[in-house]
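Down below is the structure, laid out as structure tokens.
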Amino acid sequence: MFPTPIAQTKKSTQIGYKLLLPLAVILWLLPLAAVFMTSARSLADINAGNYWGIPTDWNLIENYSAVFASTNMGRYLLNSILITIPVMIGSVFLATLAGFALAKFKFRGNLLIFALFIGGNFVPFQILMIPVRDLTINLGMYDTIWALIFFHVAFQTGFCTLFMRNFIIGIPEELLESCRLEGASEWKIFHSIILPLVRPALAALAVLIFTFVWNDYFWALVLVQSDEVRPVTAGISALRGQWLASWNLISAGAIVAALPPVALFFAMQKHFIAGLTLGATKG
């Protein structure tokens, strides 16, 4: 069912793995390296056609300073933080509550509700563009941060609920029953038993949701249009219009926008891997 560990495979397979893995890493990192090198070039270097070579002039500090001094990049980053953090907290919290209810409470309609959560994950979000846009306009939330927050919380909670239910359902019923016999309320059980036991899953889910919402570009274009509320992904697109040929500054802005998700992943790396590994053992 699961792949054979590489240490238990044939010698030829191990050699091929050791040869191909560095090549795969290089190919994966090559575009990122190209963007970083471009962010350090001068405009004259780019106009001269030096796209892949070593920059003749290293303008690293100048380019990154210009991104913040001459554009609204700082505002874009702040907007992304104001959108992503509430979405991450709201989605994970609501999904943990819903996952607990669906995993540990037997009631009529349990399976139907769970099926609705699963079915919602298969709806292409592109077909929701016009209804969601019209809804935000009717509610007076169009071109506001709240439009993106409410939409992402609603859209992400379905996947998060499916994720959390699969973790919580593996917690022994005997543990919860013993707590109930001691007089603990369901909220006490949720706070003191469920949350500590699913902490790796919460960390893994938080990283996934943060990365997805931070990198969202589609809904940032559909639901907002002004610089005051535009997140960083849409902000970089605006930089292309402001600096039509200044790819060094656009690349610097892209590197800046990519740093928060990368930093969060490395900060939560152990918990993230533990959560995914635990999930692989769930039936």
Side-chain angles (χ1 to χ4, degrees), residues 31 35 71-99 102 112-165 204-244 250-251 253-254 256-262 264-265:
V35 173
T71 73
N72 289 327
M73 178 59 70
R75 183 67 202 183
Y76 298 150
L77 288 171
L78 178 61
N79 289 339
S80 288
I81 292 173
L82 294 177
I83 293 168
T84 306
I85 297 299
V87 171
M88 181 182 67
I89 295 174
S91 299
V92 172
F93 177 72
L94 292 175
T96 307
L97 288 173
L102 292 173
L112 175 61
I113 295 175
F114 183 54
L116 290 176
F117 276 111
I118 296 177
N121 293 317
F122 294 98
V123 177
F125 56 81
Q126 289 85 353
I127 68 174
L128 301 175
M129 178 179 69
I130 294 177
V132 170
R133 183 179 180 274
D134 291 344
L135 178 63
T136 56
I137 292 175
N138 293 334
L139 294 176
M141 293 192 302
Y142 181 74
D143 199 26
T144 66
I145 286 178
W146 291 107
L148 287 171
I149 291 176
F150 283 131
F151 171 80
H152 281 303
V153 168
F155 197 79
Q156 296 301 322
T157 299
F159 165 74
C160 295
T161 299
L162 173 63
F163 190 91
M164 292 307 303
R165 176 192 176 273
L205 191 59
V207 173
L208 290 174
I209 297 304
F210 184 96
T211 303
F212 179 84
V213 176
W214 183 276
N215 293 331
D216 172 68
Y217 179 66
F218 181 81
W219 292 106
L221 290 180
V222 172
L223 298 181
V224 300
Q225 62 181 359
S226 61
D227 275 355
E228 289 73 16
V229 295
R230 183 176 288 160
V232 68
T233 48
I236 293 176
S237 177
L239 297 187
R240 183 177 179 179
Q242 184 172 352
W243 296 316
L244 187 59
I250 296 173
S251 298
V256 170
L259 289 178
V262 172
L264 178 65
F265 172 78

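Nearest heavy-atom pair across Thr144 and Val224 is O-CG1, 3.7 Å. In terms of heavy-atom proximity, Thr233 sits nearest to Ala220 at OG1-CB, 4.0 Å. The two residues Pro261 and Asn215 come nearest to each other via the heavy atoms CG-OD1, 4.4 Å. Scanning both residues, Phe210 and Ile85, for their nearest heavy atoms gives CE1-CD1, 3.9 Å. Here the shortest heavy-atom pairing between Leu94 and Thr157 reads CB-CG2, 4.2 Å.
Aromatic ring orientation, Phe151 versus Trp219: tilted (interplanar angle from 30° to 60°). Below 30°, between 30° and 60°, or above 60°: for Phe159 and Phe163 the angle between ring planes is between 30° and 60°, a tilted geometry.
Listed by chain and number, the residues in a ring pair (Phe, Tyr, Trp, His ring centres under 6.0 Å) with Phe218 are Phe125 (sequence neighbours excluded). Among residues two or more places apart in sequence or in another chain, the salt bridge (Lys or Arg N to Asp or Glu O under 4.0 Å) test is passed with Asp227 by Arg230. Not counting sequence neighbours, the partners of Phe150 by the ring pair (Phe, Tyr, Trp, His ring centres under 6.0 Å) test are Trp146. Residues passing the side-chain contact (heavy atoms from CB on, under 4.5 Å) test with Ala95, sequence neighbours excluded: Cys160, Thr161, Met164. Judged as a ring pair (Phe, Tyr, Trp, His ring centres under 6.0 Å), and not counting sequence neighbours, Phe117 has no contacts.
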Query raised in the report: Given Ile236 and Tyr76, is the side chain to side chain contact (heavy atoms under 4.5 Å, CB included) satisfied, shown in steps?
Result: CA-CA 9 Å; Ile236 293 176; Tyr76 298 150; over 6 Å; no
Query - Worked check of side chain to side chain contact (heavy atoms under 4.5 Å, CB included) between Val222 and Val132 - result: CA-CA 9 Å; Val222 172; Val132 170; over 6 Å; no
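The environment of CD1 in Ile130 is sparse: at most 12 heavy-atom neighbours from other residues, nucleotides or ligands sit within 6.0 Å.
Between Phe114 and Leu162, some side-chain heavy-atom pair lies under the 4.5 Å cut-off.
Pairs of residues two or more places apart, or lying in two chains, that qualify as side-chain hydrogen bond (donor to acceptor under 3.5 Å, both in side chains) and include a residue from residues 79-89 are Arg75-Asn79.
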